[in-house]
Amino acid sequence: MASKDKSKKTGGKQLLHLVFGGELMDLDKIEFSDLKKLDIVGIYPNYAQAYDAWKDAAQRTVDDAHMRYFIVHLHRLLDPEHGAEGSAG
């Protein structure tokens, strides 16, 4: 019952997004120079919050051309048949 109450407070279905980044070996490929140094920013309940976190992290590292941050749509991986429904991102 508590989970239903929480979904009402967040305005609907939870669409999890992961924000993470790290230093790339080459600007043309997504291959990280050291997986142990990945920056896991967090997991967010919707795309808007994930985007804000991504933007914050990316702006902090704007001077490092090899540093990149990404948003992963976890909801699409967890439920591939319904993951894109109702998603703005």
Side-chain angles (χ1 to χ4, degrees):
M1 177 88 48
S3 65
K4 288 183 181 179
D5 292 340
K6 285 184 181 180
S7 69
K8 287 180 184 176
K9 289 179 185 176
T10 59
K13 188 176 178 182
Q14 199 174 61
L15 299 173
L16 298 178
H17 292 79
L18 164 68
V19 179
F20 79 101
E23 185 178 4
L24 298 178
M25 293 177 69
D26 185 336
L27 295 178
D28 296 330
K29 299 177 190 168
I30 300 176
E31 187 174 347
F32 297 99
S33 60
D34 188 348
L35 294 177
K36 292 179 182 178
K37 292 184 179 179
L38 287 180
D39 179 16
I40 308 299
V41 178
I43 297 175
Y44 299 89
N46 57 54
Y47 182 80
Q49 289 181 27
Y51 179 82
D52 289 342
W54 167 84
K55 189 174 178 181
D56 246 12
Q59 286 179 341
R60 282 194 313 271
T61 60
V62 72
D63 292 334
D64 184 350
H66 282 87
M67 194 69 171
R68 291 285 195 275
Y69 281 87
F70 301 89
I71 298 175
V72 178
H73 301 268
L74 291 180
H75 61 98
R76 292 181 183 169
L77 298 173
L78 295 170
D79 188 6
E81 292 182 24
H82 301 98
E85 287 181 15
S87 172

Count I, L, V, M, F, W, Y as connected when their side-chain heavy atoms are under 4.5 Å apart, and connections chain through other members. Are Leu35 and Phe20 then in the same cluster?
yes

Heavy atoms, side chains only, cut-off 4.5 Å: are His73 and Leu16 in contact?
no

Determine whether Ile43 and Val72 fall in the same hydrophobic cluster, where Ile, Leu, Val, Met, Phe, Trp and Tyr are linked whenever their side-chain heavy atoms lie under 4.5 Å apart.
yes

All side-chain hydrogen bond (donor to acceptor under 3.5 Å, both in side chains) counterparts of Asp39, not counting sequence neighbours:
Tyr69

Ser33 side chain to Glu23 main-chain N or O, any donor-acceptor pair under 3.5 Å?
yes

Tell me, please, which residues at least two apart from Asp34 pass side chain to side chain contact (heavy atoms under 4.5 Å, CB included).
Lys36, Lys37

As an exercise, state the distance from NZ of Lys55 to CG of Asp52, rounded to the nearest 0.5 Å.
7.5 Å

Taking all atoms of both residues into account, what is the closest heavy-atom pair of Trp54 and Val19, and its distance?
CA-CG1, 3.8 Å

Please say whether more than 12 non-hydrogen atoms of neighbouring residues, nucleotides or ligands are located less than 6.0 Å from OH in Tyr51.
no

Does Phe70 belong to the same Ile/Leu/Val/Met/Phe/Trp/Tyr cluster as Tyr44, with side-chain heavy atoms less than 4.5 Å apart forming each link?
no

Is the distance between the ring centroids of Tyr47 and His17 under 6.0 Å?
yes

Please report the closest heavy-atom contact between Val41 and Ala53, naming both atoms and the distance.
CG1-CB, 4.1 Å

Kindly write out the residues that satisfy side chain to side chain contact (heavy atoms under 4.5 Å, CB included) with Asp26, not counting sequence neighbours, or none if the list is empty.
Asp28, Lys29

For Met25, the hydrophobic cluster (side chain heavy atoms closer than 4.5 Å, chained through members) also holds none

Check for me, please, whether Leu74 and Ile40 land in the same ILVMFWY cluster - side-chain distances under 4.5 Å, paths through other members count.
yes

Connected to Val62, directly or through other members, by ILVMFWY side-chain contacts below 4.5 Å are none

Is it the case that more than 12 heavy atoms not belonging to Ile30 sit under 6.0 Å from its CD1 atom?
no

If I take atom OG1 from residue Thr61 and atom CE from residue Met67, how far apart are they, to the nearest 0.5 angstrom?
5.5 Å

Close side-chain approach of Ile71 to Leu18, heavy-atom, < 4.5 Å
no

About how many Å separate CG of Leu27 and CZ of Arg68, when rounded to the nearest 0.5 Å?
5.5 Å

